[in-house]
Amino acid sequence: MTNVETPSTAVASETVRVDLGTRAYDILVGPDLVARAGELLVARLGKARAAVVTDENVARHHLPALEASLAAVGRHAGTIVMPPGEATKCFAELGRLSEALLALKLERGDVIIALGGGVIGDLAGFAASILRRGIRFVQIPTSLLAQVDSSVGGKTGINTPQGKNLIGAFHQPSLVLADTDALTTLPPREMRSGYAEVAKYGLLGDAAFFAWLERHWQSVFGNDPAFLTEAIVVSVTAKARIVEHDETETGDRMLLNLGHTFGHALEAWAGYSSRLLHGEAIAIGMCQAARFSEHLGLCPAGTAARIESHLRTVGLPTRVAHIAGADRPEPQALFALMQQDKKVQGGRLTLILLRSIGDAFVTRDVDAAEVAAFLEREVKLPA
Ligand code: GLY
């Protein structure tokens with residue numbers, strides 16, 4: 001990472017390169033980037049016109065600054081405002097969006113800007129992958145979750161009744177602008193949810209980063225630009241290095257799913273509702289992966305307690321008992337949901353387990369009966 005961009009504010013933005021040959025791109029992290037998007041686009045992407053895709057909530061906070069910045073360089077082709085929420089990632093809205101983009105007369109050399117969280121990034125990115133057989137797109141993620149995970153790595157797609165993200169494409173962005181100022185308008189619960197993915201990078205490959213988070217989490221949550229930038233830069237650098245080696249997820253990219261096989265089952269059980277946000281499910285799932293690893297004797301005693309202690313300190317749930325509402329999942333139902341995971345191969349579950357904090361590994365060598373028995377204990381674990 002290098003300090004190459006110097007915005008008007010005191011904290012300089014940092015640049016992380018995702019080195020994917022002809023599909024290489026930069027992730028800029030720091031304050032003031034939405035307001036500078038127009039000049040950055042011209043400098044990096046040439047003569048392109050840009051169509052903005054966003055949602056109603058994000059538009060209220062960030063659209064005027066982005067549109068003004070694009071208009072100032074004469075590159076604003078138009079804006080399409082989608083309804084907010086996960087339900088927007090569907091065929092009907094993809095169709096509506098694609099036709100609206102064509103109506104703006106976007107050409108092959110133009111770009112789509114996805115301004116928003118993971119839903120807008122996934123939907124606009126997928127539209128970019130199919131529009132005129134593929135045009136460039138720029139991610140301007142406005143949630144912490146999108147900044148550290150979904151905006152980087154080129155996974156795009158929509159949901160169907162059969163499951164989440166089952167229709168999609170790998171389509172890398174041409175530029176990512178992770179503006180730390182955008183996070184100041186984020187509700188605290190959304191910020192915590194994104195933080196679960198930040199902590200994930202420490203747990204899966206960087207023990208020193210996890211220890212740094214234990215020391216500095218209050219500065220990160222306090223929106224201190226230097227600490228926030230550092231946390232995001234370390235996270236996206238970790239993701240960039242993994243994606244560079246395994247763009248299409250045939251090996252190490254699966255490490256990014258630490259906590260996700262357990263967590264997705266809980267998320268699906270809770271109906272992908274505000275009862276359990278994605279990052280909250282991942283926080284519980286990472287603790288479950290740690291408890292399961294410890295139970296199997298794969299990592300030292302006390303590993304799970306340390307992880308749980310940090311996630312609890314920042315206000316994240318760490319056990320099934322922490323999920324709001326009175327009803328609890330049946331362990332068999334969770335097990336069935338885990339078996340629908342995209343990483344199941346030949347009927348065998350793929351789990352990401354821990355040897356220690358900072359040392360995760362992918363395994364298919366798990367006994368289904370052990371997992372089922374573990375889930376029985378997990379749903380009974382007191383708060
Ligand atoms: N969110 C996991 C990945 O991008 O591979």
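Both counts, for ligands and for their atoms, begin at 1 and track the order of listing.
Look at Asp327 and Arg275 and you find a salt bridge, because one of the NZ, NE, NH1 or NH2 atoms lies within 4.0 Å of a carboxylate O, short of that distance. Using a cut-off of 4.0 Å between Lys/Arg side-chain N and Asp/Glu carboxylate O, Glu244 and Arg241 are scored as salt-bridged.
A side-chain donor-acceptor contact under 3.5 Å links Glu308 and Thr318.
For ligand 1, residues of the protein lying within 4.0 angstrom by heavy-atom distance are Asp149, Lys155, Lys239, Arg253, Leu256.
Contact detail for Asn57 and Pro84: the closest heavy-atom pair is ND2-CB, 3.5 Å.
Between Phe292 and Phe374, the ring-plane angle classifies as tilted under the 30° and 60° cut-offs. In this structure, His264 and His260 have perpendicular ring planes: the angle between them is above 60°, well past the 30° mark.
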